[in-house]
Engineer: 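What follows is a single structure, and I will ask about it in a moment.
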Amino acid sequence: MVTVAPAAPAINPLDETHIRTWIDNTGKYQVEGRLIEINRDNVRLFKSNGRTCTVPFQRLCPADASYVESIRDAVKQSRLPLLSSK
């Protein structure tokens, strides 16, 4: 008899993000929101007022850009086992 372990559900690091204050690269503008999408040239935030906004990467302050890169790396790492199992 062959026993197959149930597959662990895939974890999307974007589902684990929290509301934070995002600041632009000039320090003049900020928005409260949760990171919901990372694209090649921008990020999408779900704001506390229920709306979304798109922010170009080059407009992020260094701390926010670093945060996005850490989430992007976590997304890549979470997808690696999925690709390896095929």
Engineer: Under 4.5 Å side-chain heavy-atom separation, chaining through any Ile, Leu, Val, Met, Phe, Trp or Tyr, what else clusters with Ile19? Say none if it is isolated.
Structural biologist: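 Ile19 shares its hydrophobic cluster with no other residue.
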Engineer: Are the side chain of Asn39 and the backbone of Asp41 linked by a donor-acceptor contact shorter than 3.5 Å?
Structural biologist: no
Engineer: Check step by step if side-chain contact (heavy atoms from CB on, under 4.5 Å) holds for Arg44 and Cys53.
Structural biologist: CA-CA 6 Å; Arg44 294 208 49 196; Cys53 67; over 6 Å; no
Engineer: Has Thr52 got a side-chain atom pairing as donor or acceptor with Leu45's backbone, closer than 3.5 angstrom?
Structural biologist: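 Checking the backbone N and O of Leu45 against the side chain of Thr52, no donor-acceptor pair under 3.5 Å is found.
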Engineer: Any donor and acceptor pair, going by atom type alone, linking the side chain of Trp22 with main-chain N or O of Gly33 inside 3.5 Å?
Structural biologist: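 Judged by distance alone, yes, a pair lies under 3.5 Å.
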Engineer: For Lys28, is there any backbone N or O sitting under 3.5 Å from a side-chain donor or acceptor partner on Asp24?
Structural biologist: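 At least one qualifying donor-acceptor pair exists.
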Engineer: Can you check whether Gln58's main-chain N or O pairs, donor with acceptor, with Asn25's side chain at less than 3.5 Å?
Structural biologist: yes
Engineer: Going only through I, L, V, M, F, W and Y residues with side-chain contacts under 4.5 Å, is there a path from Ile23 to Phe46?
Structural biologist: no
Engineer: May I ask you to check if Arg20 and Tyr67 form a cation-pi contact, with NZ or CZ under 6.0 angstrom from the six-membered ring centre and within 45° of the axis?
Structural biologist: yes
Engineer: Using the test side-chain contact (heavy atoms from CB on, under 4.5 Å), find all partners of Phe57 that sit at least two apart in sequence or belong to another chain.
Structural biologist: Ile38, Val43, Leu60, Val68, Arg72
Engineer: For residues Asn42 and Val55, determine if any side-chain heavy atom of one lies less than 4.5 Å from a side-chain heavy atom of the other.
Structural biologist: no
Engineer: Between Ser48 and Glu32, do the side chains contain a donor N or O and an acceptor N or O under 3.5 Å apart?
Structural biologist: no
Engineer: Hey, could you give me the CD/CD1 distance between Glu37 and Ile71, rounded to the nearest 0.5 Å?
Structural biologist: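 Answer rounded to 0.5 Å: 14.5 Å.
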